[in-house]
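On a predicted model such as this, the values are computed, not experimentally measured, just so you know.
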Amino acid sequence: MADSSEGEEEGKLTGGSQQLVVDDDLREMGKKAAWSVSSYKPGNGVLSLRDDNLETYWQSDGAQPHLVNVQFQKKVKLQLVVLYVDFKLDESYTPGKISIRAGDGFHNLKEIKAVELVKPTGWMHISLSGNDPRETFVNTFMLQIGVLSNHLNGRDTHIRQIKVYGPRPNPIPLQPFQFTSTEFITYSAVR
């Protein structure tokens, strides 16, 4: 995966990437989810987050925190959240502090990541990996992205796109290795 951030120190992300680049071993999981938001201005609802158009955006309408809820029918493995935000266009509407929570539903969400965005412009990659190298993904029914504050003390927020990625499943069940060539796949099972 190309690191999209120009600078990253403890919980702070700066910069951004104009092109969305993710590892080939990840797949976009957002299509399998039900998306909802805590509030929105008419014409700038949850559909604007998922329309693959960087000109449209979700705009919240109400008190902070502003929430985006991503609910799955079955437990999924998630590894990466990617947001498109633009400080140059949105100024005080740009998220400043973001909290990502995971759980089985609204009743037991726990914060798994908190980041501060410093004048971001472009795709911001937020890894859901833990501090332990063995924790490469989060196994969850629900993900909640909370905007805790905005730049310049703004009240409402703009997020232009959100993508959630999980590991691509191994095409051969119970196979510990992931072969890529046809020849290796042919001989990967013992008769």
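- Following chains of ILVMFWY side-chain contacts shorter than 4.5 Å, one cannot reach Y40 starting from Y57, and the two form parts of different hydrophobic clusters.
- You'll find the side chain of E28 reaches within 4.5 Å of the side chain of V164, heavy atoms only.
- Residues H158 and N44 have side chains not in contact (no heavy-atom distance under 4.5 Å, counting atoms from C-beta outward).
- For S48 against T56, the heavy-atom pair with the smallest separation is O-OG1, 3.6 Å.
- Side chain of S39 to backbone of D61: a donor-acceptor contact under 3.5 angstrom is found.
- Shown here are the salt bridge (charged side-chain N to carboxylate O under 4.0 Å, His left out) partners of R160, two or more places apart in sequence or in another chain: D90.
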**OP:** Could you walk me through whether L117 and T94 pass the side-chain contact (heavy atoms from CB on, under 4.5 Å) test, one step at a time?
**Re:** CA-CA 9 Å; L117 303 177; T94 308; 5.9 Å; no
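- Each side-chain hydrogen bond (donor to acceptor under 3.5 Å, both in side chains) pair with one or both residues in residues 140-155, not counting sequence neighbours, appears once here: N69-Q144, R101-Q144, N150-T157.
- Between V81 and M124, the closest side-chain pair of non-hydrogen atoms is not below 4.5 Å.
- In this structure, Q73 CD and F141 CZ are separated by 10.0 Å, a value rounded to the nearest 0.5 Å.
- With sequence neighbours excluded, no residue satisfies ring-ring contact (aromatic ring centres under 6.0 Å, His included) with H66.
- Dense packing is recorded around OH of Y84, with more than 12 heavy atoms of other residues, nucleotides or ligands lying under 6.0 Å away.
- Judged by distance alone, the side chain of Q59 and the main-chain N or O of G43 form no donor-acceptor pair under 3.5 Å.
- Just one residue in the list D156, I159, L67, V68 forms a side chain to side chain contact (heavy atoms under 4.5 Å, CB included) with S60, and that residue is D156.
- Scanning both residues, T136 and Q79, for their nearest heavy atoms gives O-CG, 3.0 Å.
- Transitive grouping of hydrophobic side chains (ILVMFWY, heavy atoms separated by less than 4.5 Å) keeps L148 and V118 in distinct clusters.
- With hydrogens and angles ignored, the 3.5 Å screen pairs a side-chain donor or acceptor of R50 with a backbone N or O of I162.
- For P120 against V85, the heavy-atom pair with the smallest separation is CG-CG2, 3.5 Å.
- Side-chain contact of N53 with Q161: a donor-acceptor pair under 3.5 Å is absent, judged by distance alone.
- In terms of heavy atoms, V21 sits closest to H125 at O-NE2, 3.0 Å.
- Residues K113 and I126 approach most closely at CG-CG2, 3.9 Å, considering heavy atoms.
- Side-chain contact between W123 and L54: present, with at least one pair of heavy atoms (C-beta onward) separated by less than 4.5 Å.
- A heavy-atom distance below 4.5 Å is found between the side chains of I112 and L128.
- L78 and M142 are members of different hydrophobic clusters when ILVMFWY side chains are connected at heavy-atom separations under 4.5 Å.
- Hydrophobic clustering (ILVMFWY, side-chain heavy atoms < 4.5 Å, transitive): F137 and L109 are in distinct clusters.
- Under the 3.5 Å distance criterion, the side-chain polar atoms of E116 are left unmatched by any main-chain donor or acceptor of K97.
- P65 and S38 get closest at one heavy-atom pair: O-OG, 4.3 Å.
- Distance CD1/I100 to CD/E111: 9.0 Å, rounded to 0.5 Å.
- Contact of the K77 side chain with the N139 side chain is registered, since non-hydrogen atoms from C-beta on lie closer than 4.5 Å.
- Both I145 and V138 belong to a single network of hydrophobic side chains, linked directly or stepwise wherever heavy atoms of I, L, V, M, F, W or Y lie under 4.5 Å apart.
- Counting heavy atoms from C-beta outward, K163 and L20 have side chains that approach closer than 4.5 Å.
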